[in-house]
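Residue numbers start from 1 in every chain, and the chains themselves are labelled A, B, ... in the order their sequence lines are given, proteins ahead of strands.
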Amino acid sequence: QKEVEQNSGPLSVPEGAIASLNCTYSDRVSQSFFWYRQYSGKSPELIMSIYSNGDKEDGRFTAQLNKASQYVSLLIRDSQPSDSATYLCAGRDTGTASKLTFGTGTRLQVTL
Amino acid sequence: DTGVSQDPRHKITKRGQNVTFRCDPISEHNRLYWYRQTLGQGPEFLTYFQNEAQLEKSRLLSDRFSAERPKGSFSTLEIQRTEQGDSAMYLCASSSQGTNSGNTIYFGEGSWLTVV
């Protein structure tokens, strides 16, 4: 099993809908997770972090963490065309608690 | 601008040449990371420093790659005898040493390398 796994997509949602992005992880990454957004040709930009079981909301974004299932998700409400990007899930390394291990990213397309 | 700064942003080099990238982290951050990203993949960890000490290197980092952070501030990543497979975006990132929210990792804009 890869340390962090994501479906590469593309995930296509209509404007105004909820986009749901999912990520699973192995025991080699710790219980802190990060979602980054990456536009084509640009570097990753941090959207949210989550450390505890449950939900964390920030504006239109909600991150969800389920430690028992080793599952983390990102919900984007009222999706906008400007949300079209690749979303990277990352977990912090369990051993050193320093570096992040990334999934391959899910490409999101928000259609008009 | 107080973010992570990388230079050069783009580099085209001939196979076999050496290239060096520079990274200036966020000033109060003592951890500095190098990642590499190719098309369709997530960033892959290369190495990281805490202050001037290089604490971890990935097995991906062949002996043609060397990184330094001599005074615990800026860092350089050198690739010797470049190969076409080295073509990628090289990302630098930094964080503080705190726990959880205190050590969020922030990326620079990346340095694109094309080996021809």
Side-chain angles (χ1 to χ4, degrees), chain A residues 2-10 21 23-26 28-53 56 58 63 65 67 72 74 85-107, chain B residues 3-7 9-10 21 23 25-26 29-51 53-61 67 88-112 114:
Chain A
K2 290 184 179 179
E3 292 162 319
V4 179
E5 293 200 65
Q6 296 181 257
N7 186 318
S8 61
L21 303 157
C23 172
T24 58
Y25 61 90
S26 75
R28 294 187 62 183
V29 294
S30 74
Q31 305 297 291
S32 57
F33 296 90
F34 302 81
W35 284 99
Y36 287 82
R37 177 176 62 200
Q38 187 172 29
Y39 292 113
S40 180
K42 303 295 186 181
S43 65
E45 171 193 12
L46 180 69
I47 296 176
M48 289 192 70
S49 57
I50 185 165
Y51 312 107
S52 304
N53 247 351
K56 179 181 177 182
D58 184 0
L65 176 59
K67 295 180 182 180
V72 59
L74 179 70
T86 296
Y87 289 80
L88 297 162
C89 173
R92 191 174 296 280
D93 181 74
T94 302
T96 62
S98 55
K99 73 175 191 285
L100 296 183
T101 297
F102 286 83
T104 55
T106 298
R107 189 157 62 93
Chain B
V4 179
S5 176
Q6 294 188 242
D7 183 71
R9 296 290 316 286
H10 301 272
F21 299 111
C23 173
I26 294 171
H29 286 176
N30 64 345
R31 286 182 173 175
L32 186 149
Y33 309 80
W34 285 101
Y35 283 81
R36 177 173 65 189
Q37 188 176 24
T38 54
L39 194 63
Q41 300 297 314
E44 294 177 300
F45 171 77
L46 294 178
T47 189
Y48 98 95
F49 294 82
Q50 183 164 298
N51 300 312
Q54 188 173 20
L55 296 188
E56 188 174 350
K57 291 171 60 173
S58 166
R59 286 170 293 176
L60 294 174
L61 212 63
M89 179 166 63
Y90 289 83
L91 291 161
C92 178
S94 70
S95 75
S96 65
Q97 195 178 337
T99 56
N100 289 339
S101 61
N103 61 2
T104 298
I105 292 177
Y106 297 94
F107 284 89
E109 293 183 330
S111 292
W112 285 94
T114 302

| query | Is the number of heavy atoms from other residues, nucleotides or ligands under 6.0 Å of K56(A) NZ greater than 12? | reply | yes
| query | With only heavy atoms counted, which part of Q38(A) is less than 4.5 Å from chain B, the side chain, the backbone, both or neither? | reply | side chain
| field | Nearest-0.5 Å distance, OG1 of residue T101(A) to CD of residue E44(B) | value | 10.5 Å
| Is it the case that more than 12 heavy atoms not belonging to E109(B) sit under 6.0 Å from its CD atom? | no
| Within 45 degrees of the axis of the six-membered ring of Y48(B) and under 6.0 Å from its centre: does K99(A) put its NZ or CZ there? | no
| Value rounded to 0.5 Å, distance of CD in Q37(B) from CG in L88(A) | 6.5 Å
| said: Is it true that, when you exclude R28(A) itself, more than 12 heavy atoms of the residues, nucleotides or ligands shown sit nearer than 6.0 Å to its CZ? | reply: no
| Heavy-atom pair with the smallest gap, counting every atom of S43(A) and M89(B) | CA-CE, 4.4 Å
| Are F102(A) and F45(B) near enough that their ring centres are under 6.0 Å apart? | no
| Under 3.5 Å, side chain of Y35(B) to main-chain N/O of L100(A), donor-acceptor pair present? | yes
| field | Heavy-atom pair with the smallest gap, counting every atom of Y36(A) and I105(B) | value | OH-O, 2.5 Å
